[in-house]
Amino acid sequence: MTNLELLAPAKNLECGMAAIDHGADAVYIGAPRFGARAAVGNSVDDIRRLCQYAHQYDARVYVTVNTIIYDSELEAIRQLIGELAEAGVDAILVQDMGIVQLNPQLPLHASTQTDNRTAAKVRWLRSLGFRRVVLARELSVQEIADIHRQVPDVELEVFVHGALCVSYSGLCYASQHCFARSANRGACAQFCRMKFDLLDADDNELEHQRHLLSLKDMNQLEHLDELILAGATSFKIEGRLKDATYVKNVVAAYSQRLNAFIDRHADAYRRASRGRCTYSFTPNLRKTFNRGFTTYFLQGRQPDIFSPDTPKAMGEFVGTVKELRRDSFNVAGTAAFANGDGLCYMDGNRELQGFRVNRAEGNRLYPQQMPRTLRPGMALYRNNDQEFERLLSRPSSERRIPVSLRLSVTTDGFSLSGDGVTVSMACEHQTAAKPQRDNIVRQLSRMGGTPYECSGVELADDFGWFIPSSLLADLRRQWVAARLARHTVLHGSSVPSAPAAPVTYPVGYLHNVANREARAFYAAHGMADVAPAFELQAPRQALLMQCRHCLRYSLGYCVKHGGAKPSWREPLMLRLSDGRRFRLEFDCRHCQMNVYAED
């Protein structure tokens, strides 16, 4: 039986609990330091509380410790890992091989920051003791299946929803190069969401001030079945900067889809945690933050994966502008609007413009201020649905674990068993003067604020004993406490397998070695000459990004895939508004676009 895990982001304790309530089997959350989203660290005490909450449902908590580490931080990271183990976390996500060298007593997951795109890399990580590998977002379902076939004894985690980095994760140095903010240190400045000019070798401007590296958001909701059958077992939602309403909506949508698959394949698959959810809303992925959706490379290279006009969320299409008046306009479409809705449109200069609805009267809308560039016929999008947000701001899901209980007689009292847990209570055996079944069932079924829901109480047909209601309540509470304490914590790293050949890069700093423990690790694996991390040397004319997104292909000029023959002379350049340039190299053999610094 294969366990399938829906893995949700947790910006904080509130988001983590909301994810569990809405169907997540696990959550990943940042520690106070050393997470790849530096802006959303959490105290160890909050992580402990999240573990206690999640473990009620046999759900797991993973902590991101996936930045590169400097020498001065090694003792702090050692201490933090010990505190996380004591708090009850189930695994840590790691990028820096120096942490492996420290031999942490927690299961290790190889973060996507370790650039996991080949079976060779996954096999190497498995040989080091990594229990799970988070695959690169760029992989196709066939590539995932091939990795699983070649390395079947490691868990494969795949991203299924949320923002996409244009570079292979862990190999993007643009933010560090331009702004001294390292993506490998959790401080990405989102270089890929900026505007660029595209120039040819003769300085002709092919594209003017467009978001040429900004990708749409991933959405694999309709393709979970394919990913499961390819061998992936954990399905990761991106979004540790997102709020609780985003988490509730997206987790509910994917949880329902995962349940539908398992209902059809109950003989082979099950959820990794316990409990089913009932929702007070209908999940709708287009109603929460998105830049438009793409399946990315799931089915191979696709033309429509980037969003060159805007990196912002447009939301759901709600109709077209019909008639303009001085202070209002009406919309042709079937959408219902509410006061406070946020709407947007693309103006004549391909710039995204947004406004808030002050008053909605049917399909006639009165903005707080009429947009100057709004014109009849323009497509209108809603990126903030007030009614939907109100639904999600309230308790919107209830998660319960159905349990069947059995009350039995012991030599000195009674026992209560169910779901693999048995508790006993010493109590005098008193013959009942009248039938007790109804009261016993009523008392033992009162699960109240626990995660459990009693689906039935079994008694022997000849059960004829009187038990005071207070003692029945005590027995029920003992059972609940024992069941809650049963969660198995997976302490200890996986056992390393036979050593596999290390994966090397043609450029030394791509190994991201920033501390003495990482240097010792690579030396022990036969690579004593690995260069220091980019952040420690700031090389000139450096390789800043490796992208599967290719501008030549996206603009229709890829000869390999049947595009038009370009009229320009290469190399092409990206130019920021401040004049800085970045050379593009098209590596057609690997179907990859590389971005180099030009200074």
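Between R257 and E222 there is a salt bridge, since at least one side-chain N of the basic residue sits less than 4.0 Å from a carboxylate O of the acidic one. Here R483 pairs with D58 in a salt bridge; the nearest charged N to carboxylate O distance falls below 4.0 Å. Between R276 and D263 there is a salt bridge, with a side-chain nitrogen of the basic residue lying less than 4.0 Å from a carboxylate oxygen of the acidic one. A salt bridge between R33 and E73 is present, with a side-chain N of the basic residue lying under 4.0 Å from a carboxylate O of the acidic one.
The two residues Q386 and D341 make their nearest non-hydrogen contact at N-OD1, 2.9 Å. Smallest separation of non-hydrogen atoms from T295 and N219: CG2-O, 3.8 Å. The two residues E138 and C165 come nearest to each other via the heavy atoms OE2-O, 4.0 Å. The two residues A514 and A533 make their nearest non-hydrogen contact at CB-CB, 4.1 Å. Here the closest non-hydrogen pair linking P9 and V247 is O-CG2, 3.8 Å. Residues S396 and H22 come closest through the heavy atom pair OG-NE2, 2.8 Å.
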Inset, instruction - Before giving the answer on ring-ring contact (aromatic ring centres under 6.0 Å, His included), spell out for Y269 and F261 the whole-Å C-alpha distance, their side-chain angles and the decisive distance to 0.1 Å. - result: CA-CA 9 Å; Y269 298 95; F261 175 87; 5.2 Å; yes

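For the salt bridge (charged side-chain N to carboxylate O under 4.0 Å, His left out) criterion with E5, the lone passing option out of R132, K236, R271 is R132. Applying the side-chain contact (heavy atoms from CB on, under 4.5 Å) test between V154 and each of R126, R123, R131, H148 identifies R126 as the sole match. For the side-chain contact (heavy atoms from CB on, under 4.5 Å) criterion with V133, the lone passing option out of V151, V122, I147 is V122.
Note that CZ of F414 and CE of M425 are 7.0 Å apart. Values are rounded to the nearest 0.5 Å. Rounding to the nearest 0.5 Å places CD1 of I237 at 11.5 Å from NZ of K242.
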